[in-house]
Amino acid sequence: MDNDSTGRIVAAMTAWIAAAPPGARVPSNRALTAEFAASPVTVQNAMRQLAGRGLIESRPGVGTFVRAARPARSVDYGWQTAALGALPWRSGALSSAQRSVAPAAIAMHSGYPARELLPERLVRAALARAARTDVAMTRSPAAGSPELQAWFAADLAAAAPPGVTPPTARDVIVISGSQSGLSSIFRALVGPGQPMLIESPSYWGAILAAEQAGVTLVPVPTGPDGPDPDVVERAFQDTGARAFYAQPTFANPTGGRWSPETGVAILETVRRHGAFLIEDDWAHDLAIDVDARPLAALDDDGHVIYLRSLTKSVSPALRVAAVIARGPAHDRILADLAAESMYISGVLQAAALDVVTQPGWRSHLRGLRPLLRARRDLLVASLREHAPTAHLERLPLGGLNLWLRLPEGTDVPRVVRTCESRGLIVSDGTEWFPAEPAGSYLRVNYSGEDAGRFDEAARILGGVLADERA
């Protein structure tokens, strides 16, 4: 009743204020109490709401008055231009993959799977158990929980062939998502002004992290089977680079997967040049038609810096990943990470370990494959029927995305804007190129919330592309 009375007084007084001239005295609380037959507390609550909306102002010892309208002031932030200097990287805006969109839109721009594809029951139970343990009140070691370090090490060791010494828990650094790991790796192992090879196209977050670290990017063209080893060899020779960032398995955005021959050849090139291969295995748990086979499992002399994330497969709320590195490189990366974040939440680490060591985790991954396959194939079929000019060069064998090449000369930003105006959100492929784009591309995610609307999405895209050609 008090809430109803307060709302009644606020509505009546708002109308009264709208008709009153600025500076008019507002009736006293005693008068309003009598007029509305309300309690003094109710009237006080109503007056606080009116003041909070900027409609009235109190003058101590004088009374309450209708607030005079104040003209909007043009705020000038120009001084920050001189204070901040030139932009050190390409954009201060969020990536298109990070945008929030209207609830009714068909969202195919995000880099995360739908909630129904995640092990929600396991995650909720793990978080509840972790919160009841000592990790909820204690600091984690800088390199991470020893138990979680051991799990990451064993997971990679399981793929090591005979004769290769597998990593140990001491080689593992637990991090808060792979993005922070990339930043530290680039700073610690490459450094400002130094060259680093990178596939083109490649993950936009890696491009951004490298630019923020002041690293000079050297693009290496890549295709569905990976880059040409001879081109990688020439790039190392020409630039003197000491690192190559790559996604050999289910690359983002292309979905490409290096052939075994390409992987071995590039690993040998890296060794020959005394360099590092920074292997981002972001989609390790998102295999569909083939298993993930990390190149790091073939390396025991410290040339491969391995990134393994659980964010996409466990939960975006559990931002837990690992860097596996050996020798002095490990120590430099750990020092950089510790200086930036000190340590990772023990609760998140305990929950992540709980999830991946439950019997239900393997069952979840087995069940995830056919779900991803069905979504991928449904979207591909819809695009072939309704948007045939959006060309898919190779069906991805894992991951979350389709990489679509549009007809030459297509104005991709305009296509993205027009799609959005019609209720479809897609990502402009330009963001995934470290230099000029090699064509007109879109990235679309087939693992989002709207699988039942794939046909509608393909119709929208097809219509927009047809309008572009008209």
Side-chain angles (χ1 to χ4, degrees), residues 95-101 103 105-123 177-179 201 203-205 224 247 249-257 280-292 308-319 321 355-356 361 363-384 387 390 392 394-404 419 423-429 431-432 441-458 460-461:
S95 161
S96 62
Q98 295 176 295
R99 294 175 51 210
S100 298
V101 300
I106 306 173
M108 305 184 76
H109 68 299
S110 174
Y112 291 89
R115 183 169 171 173
E116 64 198 68
L117 300 177
L118 300 174
E120 181 172 354
R121 182 182 58 81
L122 294 179
V123 170
S178 58
Q179 190 66 30
Y203 169 47
W204 67 266
Q247 302 171 87
T249 308
F250 316 139
N252 180 9
T254 65
R257 175 176 173 267
D280 189 347
D281 196 13
W282 73 278
H284 184 89
D285 298 320
L286 305 175
I288 297 177
D289 297 321
V290 294
D291 291 330
R308 168 83 154 87
S309 176
L310 297 176
T311 303
K312 297 291 195 300
S313 54
V314 175
S315 169
L318 286 182
R319 288 193 59 77
V355 170
V356 298
W361 170 243
S363 299
H364 166 74
L365 292 181
R366 286 193 296 271
L368 181 60
R369 285 195 178 205
L371 296 177
L372 287 175
R373 181 181 297 112
R375 286 169 177 257
R376 179 199 64 186
D377 295 349
L378 176 60
L379 181 56
V380 168
S382 297
L383 289 168
R384 285 174 177 166
L392 178 66
R394 183 79 62 83
L395 188 72
L397 303 179
L400 303 175
N401 309 298
L402 299 182
W403 185 238
L404 305 176
C419 283
L424 172 64
I425 314 299
V426 292
S427 291
D428 185 339
E431 292 185 24
W432 278 266
Y441 289 92
L442 293 178
R443 192 199 74 164
V444 295
N445 183 330
Y446 52 77
S447 71
E449 304 285 350
D450 298 311
R453 302 177 70 186
F454 281 177
D455 197 66
E456 179 186 354
I460 292 173
L461 178 58

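Residues meeting the salt bridge (Lys or Arg N to Asp or Glu O under 4.0 Å) test with Glu120, sequence neighbours left out: Arg115, Arg124. Taking Arg319 as the reference, nothing meets the salt bridge (Lys or Arg N to Asp or Glu O under 4.0 Å) condition, with sequence neighbours excluded. The side-chain contact (heavy atoms from CB on, under 4.5 Å) search around Arg394 returns Pro224, Asp225, not counting sequence neighbours. Every residue meeting the side chain to side chain donor-acceptor pair (under 3.5 Å) condition with Asp289, not counting sequence neighbours, appears here in chain and number order: Arg373, Arg376. Applying the side chain to side chain donor-acceptor pair (under 3.5 Å) criterion to Thr254, with sequence neighbours excluded, gives no partner residue. Remark: Asn252 pairs with Tyr203, Gln247, Trp282, Asn401, Trp432, Arg443 by the side-chain contact (heavy atoms from CB on, under 4.5 Å) rule, at least two apart or across chains. For Arg308, the side-chain contact (heavy atoms from CB on, under 4.5 Å) partners are Trp151, Phe152, Asp155, Asp281, His284, Asp285, Tyr306, Leu310, not counting sequence neighbours. The side chain to side chain donor-acceptor pair (under 3.5 Å) search around Ser309 returns Thr311, not counting sequence neighbours. Scored by the side chain to side chain donor-acceptor pair (under 3.5 Å) test, Arg369 finds Asp291 as partners (sequence neighbours excluded). Residues passing the side-chain contact (heavy atoms from CB on, under 4.5 Å) test with Ser447, sequence neighbours excluded: Pro113, Leu117, Leu372, Leu400, Asn445. Annotation: salt bridge (Lys or Arg N to Asp or Glu O under 4.0 Å) contacts of Asp450 (sequence neighbours excluded): none.
Atom CZ in Arg384 sits 10.5 Å away from atom CG in Leu379 (nearest 0.5 Å). Here the straight-line distance linking atom CG of Leu395 with atom CD1 of Ile288 works out to 7.5 Å at 0.5 Å rounding. Atom NE2 of residue His109 and atom CG of residue Asp428 lie 13.5 Å apart, to the nearest 0.5 angstrom.
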Task: Val380 vs Phe454, side-chain contact (heavy atoms from CB on, under 4.5 Å): CA-CA, chis, key distance, verdict - done: CA-CA 9 Å; Val380 168; Phe454 281 177; over 6 Å; no
TODO: Show the numbers, then the answer: is there a side-chain contact (heavy atoms from CB on, under 4.5 Å) between Tyr446 and Ser382?
DONE: CA-CA 11 Å; Tyr446 52 77; Ser382 297; over 6 Å; no
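Considering all non-hydrogen atoms of both residues, Trp361 and Val314 come closest at CH2-CG2, 3.7 Å. Minimum interatomic distance between Ala292 and Ala287 (heavy atoms only, all atoms of both residues): N-CB, 4.4 Å. In plain terms, the two heavy atoms of Ala321 and Gly177 that are nearest each other are CB-C, 3.8 Å. Considering every non-hydrogen atom in both Met108 and Ala457, the closest pair reads SD-CB, 3.6 Å. Taking every heavy atom of both residues into account, Gly205 and Gln179 meet most closely at O-NE2, 2.9 Å. Counting all heavy atoms, side chain and backbone alike, Ser313 lies closest to Leu118 at O-CD2, 3.9 Å.
A 4.5 Å side-chain heavy-atom check between Leu392 and Leu404 finds at least one atom pair inside the cut-off. The closest side-chain heavy-atom distance from Leu368 to Leu286 is below 4.5 Å. Between Leu461 and Val426, every side-chain heavy-atom pair lies at or beyond the 4.5 Å cut-off. Counting heavy atoms from C-beta outward, Trp204 and Ser427 have side chains that stay 4.5 Å or more apart. When side chains are defined from C-beta on, Trp403 counts as touching Pro201, because their heavy atoms get closer than 4.5 Å.
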